[in-house]
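Since the structure comes first, as structure tokens, the remarks are kept for the end.
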Amino acid sequence: MDMIDKLTSEQRKEMERQYAVYTHGTSEVIPLDELKSKIAKSIITGRPLKVKLGLDPTAPDVHIGHTVVLNKLRQFQENGHIVQLIIGDFTGKIGDPTGKSTARVQLTDEEVKQNAQTYLDQFGKVIDRSKVELFYNAAWLSELKFQDVIELAGKITVARLIERDDFEKRISNGKPVSLHEFFYPLMQGYDSVHLESDIELGGTDQYFNVLMGRHLQEQFGKEKQVVLTMPLLEGLDGVDKMSKSKGNYIGIAEKPTEMYGKAMSIPDELISKYIELSTDLHLEEKEAIRKKLKEGTIHPKEAKMTLAKTIVRMFHGEDAATNAEEQFQHVFGQKQLPSDIEEFSWSGEQKVSVPALVVALGMLPSTSEARRMVKNGGIKIDQQKVTDSSAIVDIVDGMIVQVGKRKVKKIRT
């Protein structure tokens with residue numbers, strides 16, 4: 001008899017409630033019916049589900065794109081389930097080849113350790129670290145003998161491995177694929193075998209890797225995990241995946257006013273997706289906002305203010321969120337300067353070009369980008385728009401320099 005058939009009417013309601021929470025906002029659940037069975041089994045036996053997330057600590061700065069999967073983990077935690085957080089201190093030395101046109105640079109032990117600690121510190125802002133089982137996969141992967149590795153490799157075909165888009169593209173473009181890269185998905189899958197995970201989460205770009213755990217569990221005679229893939233969150237430009245390298249991100253450690261301002265800059269068509277994937281609002285609240293936006297009964301700006309305030313509140317608290325909202329309305333609603341302008345002690349030349357000035361202030365990375373910003377009308381000095389990118393300005397004490405909508409600095413001489 002299926003576990004679902006053993007549920008009482010009240011237990012069935014609880015199973016359906018949890019199922020609705022976990023599946024909402026996902027890209028795919030593989031397979032759906034097994035997720036219901038696992039929830040039912042957990043309710044009947046009282047045994048929490050083991051929900052796995054594997055991380056290779058290669059880029060320790062966390063932005064809200066990373067929190068999409070963390071928000072889903074928190075939902076499992078809120079229902080009493082166990083989060084298995086795996087730091088890939090072994091796999092991280094190889095590097096996940098997903099989406100890469102070349103092999104990744106292997107990390108040192110010290111780099112992995114430092115990045116892992118930074119990850120954990122930041123993840124604690126989203127999930128309850130006291131309810132996380134933390135593992136480092138070197139504990140079991142480094143213990144495998146060469147014979148074990150050969151046996152593991154025998155459980156998957158080369159044809160299956162080169163089905164991966166990144167491998168296929170590199171091979172077709174004549175770019176090398178090193179043998180050790182084939183072992184990355186095998187090792188990630190073996191983590192699920194070792195920990196007997198019930199569920200594994202990952203972004204849609206991790207589709208191949210997370211399914212490998214399910215495949216290998218079956219090969220080792222274990223109960224197969226259910227896979228939940230989460231959508232990738234576009235960045236502030238509305239085009240590319242959120243990424244620090246592209247500058248289209250909201251960092252979870254940024255100042256409240258910066259987070260709020262960035263959230264207000266997202267394209268209107270992404271409001272519902274951001275609210276769904278990056279906030280801790282209840283399912284009913286998310287659905288209500290989505291419905292109002294679709295019906296046109298709420299202005300996009302109002303919905304974005306809810307989004308912005310929620311994001312700031314999640315990472316900095318209610319007071320900081322309220323202050324960030326008030327500051328935004330003060331600056332952009334009343335067209336006034338912010339009250340907490342960062343000051344910069346000037347020690348350079350007393351006459352300088354506008355592009356050189358904003359670069360020296362650390363407001364833009366290059367003079368070429370500064371010239372483009374001038375051309376687009378995005379630089380002001382003492383609230384006067386700069387129209388000539390070759391203009392030379394006299395540095396005076398108290399001068400206010402603005403770049404874009406959110407970057408403002410006051411010069412002190």
Side-chain angles (χ1 to χ4, degrees), residues 26-35 38 49-58 68-69 72-73 83-100 103-104 106 133 135-171 177-232:
T26 59
S27 288
E28 196 170 358
V29 178
I30 307 169
L32 277 168
D33 58 340
E34 286 187 23
L35 176 59
K38 283 185 179 291
L49 295 172
K50 292 180 286 189
V51 187
K52 170 193 170 190
L53 176 65
L55 300 161
D56 277 341
T58 52
V68 171
V69 69
K72 185 60 65 177
L73 283 179
V83 168
Q84 296 176 320
L85 193 60
I86 304 172
I87 301 297
D89 57 334
F90 192 92
T91 46
K93 296 175 190 176
I94 294 176
D96 182 4
T98 299
K100 302 300 176 184
R104 296 180 75 160
Q106 296 184 27
E133 290 186 350
F135 301 96
Y136 290 82
N137 63 8
W140 52 85
L141 291 177
S142 63
E143 295 298 313
L144 294 178
K145 296 180 174 63
F146 192 65
Q147 181 178 338
D148 300 323
V149 176
I150 295 298
E151 291 177 357
L152 179 61
K155 298 186 183 299
I156 190 72
T157 66
V158 172
R160 175 79 181 275
L161 285 169
I162 61 176
E163 287 176 1
R164 285 181 56 141
D165 289 343
D166 31 45
F167 287 156
E168 192 174 27
K169 287 175 183 175
R170 280 159 63 182
I171 292 170
V177 178
S178 297
L179 182 60
H180 77 278
E181 294 182 85
F182 281 143
F183 282 92
Y184 184 91
L186 283 175
M187 290 187 293
Q188 183 171 331
Y190 187 76
D191 290 345
S192 294
V193 174
H194 181 81
L195 295 175
E196 299 184 335
S197 305
D198 294 303
I199 294 171
E200 181 167 9
L201 271 62
T204 52
D205 58 344
Q206 289 289 313
Y207 184 84
F208 187 93
N209 290 345
V210 293
L211 280 180
M212 185 60 68
R214 184 174 166 83
H215 170 77
L216 289 180
Q217 283 176 325
E218 182 177 35
Q219 293 292 308
F220 279 91
K222 306 278 187 177
E223 182 178 323
K224 292 185 289 185
Q225 67 185 19
V226 171
V227 168
L228 274 67
T229 59
M230 300 300 297
L232 302 180

**Report entry** Cationic N near anionic O, under 4.0 Å, R214 to E223
**Finding:** no

Query - Sidechain N-carboxylate O distance under 4.0 Å for E218, K155 - result: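 Salt bridge between E218 and K155, a charged N being under 4.0 Å from a carboxylate O: no.
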
Taking the side chain as everything from C-beta on, heavy atoms only, tell me whether [X] gets closer than 4.5 Å to [Y].
X    : Y    : value
F183 : V149 : yes
I86  : L53  : no
L85  : L55  : yes
L141 : D191 : yes
F182 : V177 : yes
I30  : V210 : no
E28  : P231 : no
L144 : F90  : no

Requested in this report: For residues E143 and A139, report the shortest heavy-atom separation together with the two atoms involved.
Outcome: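 Here E143 and A139 meet closest at CG-O, 3.4 Å.
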
Requested in this report: Locate the shortest heavy-atom distance separating F220 from L152; write the atom from each residue and the value.
Outcome: CE1-CD1, 4.1 Å

Requested in this report: Hey, can you tell me if W140 and H194 have their rings parallel, tilted or perpendicular (30° and 60° cut-offs)?
Outcome: parallel

Can you measure from [atom1] ([X]) to [atom2] ([Y]) and round to the nearest 0.5 angstrom?
X    : Y    : atom1 : atom2 : result
L228 : S27  : CG    : OG    : 10.0 Å
L211 : Q206 : CG    : CD    : 11.0 Å
M230 : D205 : CE    : CG    : 12.5 Å

Query raised in the report: What's the verdict on side-chain contact (heavy atoms from CB on, under 4.5 Å) for V227 and Y207, showing C-alpha distance, side-chain angles and the deciding distance?
Result: CA-CA 9 Å; V227 168; Y207 184 84; 5.9 Å; no

**Report entry** Intermediate values then yes/no, side-chain contact (heavy atoms from CB on, under 4.5 Å), K72 and V68
**Finding:** CA-CA 7 Å; K72 185 60 65 177; V68 171; over 6 Å; no

Show me, pair by pair, the donor-acceptor contacts under 3.5 angstrom made by side chains of residues 195-203, not counting sequence neighbours?
{"residue": "E196", "atom": "OE2", "partner": "K222", "partner atom": "NZ", "Å": "2.8"}
{"residue": "S197", "atom": "OG", "partner": "Q84", "partner atom": "OE1", "Å": "2.7"}
{"residue": "D198", "atom": "OD1", "partner": "R47", "partner atom": "NH2", "Å": "3.4"}
{"residue": "D198", "atom": "OD2", "partner": "R47", "partner atom": "NH1", "Å": "3.3"}
{"residue": "D198", "atom": "OD2", "partner": "K50", "partner atom": "N", "Å": "2.8"}
{"residue": "E200", "atom": "OE1", "partner": "K52", "partner atom": "NZ", "Å": "3.3"}
{"residue": "E200", "atom": "OE1", "partner": "S192", "partner atom": "OG", "Å": "3.3"}
{"residue": "E200", "atom": "OE1", "partner": "Q225", "partner atom": "NE2", "Å": "2.8"}
{"residue": "E200", "atom": "OE2", "partner": "K52", "partner atom": "NZ", "Å": "3.3"}
{"residue": "E200", "atom": "OE2", "partner": "Q188", "partner atom": "NE2", "Å": "3.3"}

Query raised in the report: Hey, mind stepping through K145 and E151 against salt bridge (charged side-chain N to carboxylate O under 4.0 Å, His left out) and telling me if it holds?
Result: CA-CA 10 Å; K145 296 180 174 63; E151 291 177 357; over 6 Å; no

Report task. Evaluate the criterion side-chain contact (heavy atoms from CB on, under 4.5 Å) for residue pair T26 and T229; output intermediate values, then yes/no. Result -> CA-CA 6 Å; T26 59; T229 59; 6.0 Å; no

